Amino acid sequence: MDAVSAHFYRNTDELFFFKGNQVCDYSWKSGVKAHSSIVDFFQRLPEEFRQNLDAVSSHFYSNTDELFFFKGDQVCDYSWKSGVKSTGRIGAFFAGLPESFGSSLDAVCRHFYRNTDELFFFKGDQVCDYSWESGVKREVKIGEFFENLPQEYHSDLDAVSAHFYDVDELFFFKNGRVCDYSYKDGVKKESPVGDFFRGLPPDIIG
């Protein structure tokens, strides 16, 4: 898969899974809600963000219907109701973000604590905890920030997503596997993606 994001509406149990030009809206309780091309689902998304995405993240503010789409050195702030809010270079949009995180990101996700204005940016074996108001909070190796995260998730991630429930957990994805990780408790579960998210289409996993 190319990217995974928590839903923009926080009162759902849904995640968005992206692969190629496809997106799957998946509910933990009821399975696949929708499976279509990205452009059919997000109809006003600019053409350059309609396939092979680097990352997608829900917004750090809880009262929005927005997602951030990342590809190359570009980001699109997209609202479900009103369409494109802004597009531009990642480094210009997120002022003060280290230059190494300005293009070809592995993953981006909102912070597990929902009362913050922070996003996690992942690239290679590094993670940057970034605050919209104050800039970089911390930039370190993934394995140093997320203690007891299994070694295979310490670099070159496929995707990372905030949890759909209001917990201190993130989902880490790599090579067809997923790790449900709690900041306080460490690994909650690690398994093949298809075993964890039952009914997720194989073409999205692959």
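This one's a predicted model, so the numbers in the text were calculated from it and none came from an experiment.
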Query raised in the report: With hydrophobic residues grouped by side-chain heavy-atom distances under 4.5 Å, do Leu53 and Phe41 end up in a single group?
Result: yes
Query raised in the report: Is a side-chain donor-acceptor pair under 3.5 Å present for Ser57 with Arg110?
Result: no
**Report entry** Side-chain donor-acceptor contact under 3.5 Å, Tyr153 with Glu190
**Finding:** yes
Requested in this report: Start with the C-alpha gap between Asp158 and Asp106, add the side-chain angles, then the distance that decides, and say whether side chain to side chain contact (heavy atoms under 4.5 Å, CB included) holds.
Outcome: CA-CA 6 Å; Asp158 293 333; Asp106 292 332; over 6 Å; no
Report task. Taking all non-hydrogen atoms of both residues into account, name the closest pair between Val108 and Ala55 and its distance. Result -> N-CB, 3.6 Å
Query - Donor-acceptor pair, side chain of Lys174 and main chain of Glu152, under 3.5 angstrom - result: yes
Query raised in the report: Any chance the side chains of Ser131 and Asp117 put a donor and an acceptor closer than 3.5 Å?
Result: yes
**Report entry** Candidate pair Ile204 and His35, rule side chain to side chain contact (heavy atoms under 4.5 Å, CB included), full reasoning
**Finding:** CA-CA 9 Å; Ile204 293 289; His35 183 193; 3.9 Å; yes
Query raised in the report: Hey, what do you get for CD (Glu147) to CD1 (Ile142), rounding to the nearest 0.5 Å?
Result: 14.5 Å
Query raised in the report: How would you list, by chain and number, every residue that makes a salt bridge (Lys or Arg N to Asp or Glu O under 4.0 Å) with Arg50, sequence neighbours excluded?
Result: none
Report summary line: One should read off an interatomic distance between Gln74 CD and Asp54 CG, to the nearest 0.5 angstrom, of 11.0 Å
Query raised in the report: If you look at every heavy atom in Gln43 and Tyr78, which pair is closest and at what distance?
Result: N-OH, 3.5 Å
Query raised in the report: Under a single-linkage definition using a 4.5 Å side-chain heavy-atom cutoff for Ile, Leu, Val, Met, Phe, Trp and Tyr, are Val39 and Met1 assigned to the same hydrophobic cluster?
Result: no
Requested in this report: Please name the pair of heavy atoms, one in Ala162 and one in Leu15, separated by the smallest distance, quoted to 0.1 Å.
Outcome: O-CD2, 3.7 Å
**Report entry** pair Ser37-Val23: side-chain heavy atoms closer than 4.5 Å
**Finding:** no
Requested in this report: Give, for atom CG of Asp203 and atom CD of Gln22, the distance between the pair rounded to the nearest 0.5 Å.
Outcome: 6.5 Å
**Report entry** Rounded distance [0.5 Å steps], CZ in Phe16 versus CG in Asp25
**Finding:** 4.5 Å
Query raised in the report: Got a second to check how far Ser58's OG is from Glu14's CD, nearest 0.5 Å?
Result: 12.5 Å
Query raised in the report: Looking only at atom types and distance, does a side-chain atom of Tyr130 sit under 3.5 Å from a main-chain N or O of Arg138, one as donor and one as acceptor?
Result: no
Report task. Would you check if the distance from the ring center of Phe42 to the ring center of Phe69 is below 6.0 Å? Result -> yes
Report task. Just do the salt bridge (charged side-chain N to carboxylate O under 4.0 Å, His left out) check on Lys184 and Asp168 with the steps written out, would you? Result -> CA-CA 7 Å; Lys184 291 181 180 177; Asp168 72 335; 5.4 Å; no
Report task. Not counting sequence neighbours, which residues clear ring-ring contact (aromatic ring centres under 6.0 Å, His included) with Phe49? List them please. Result -> none
**Report entry** Between OG on residue Ser155 and NZ on residue Lys123, distance to nearest 0.5 Å
**Finding:** 13.5 Å
Requested in this report: Apply side chain to side chain contact (heavy atoms under 4.5 Å, CB included) to Ser79 and Thr64, showing your working.
Outcome: CA-CA 8 Å; Ser79 161; Thr64 74; over 6 Å; no
Query - Pair Leu105-Phe122, side chain to side chain contact (heavy atoms under 4.5 Å, CB included): steps then yes or no - result: CA-CA 6 Å; Leu105 292 158; Phe122 297 85; over 6 Å; no
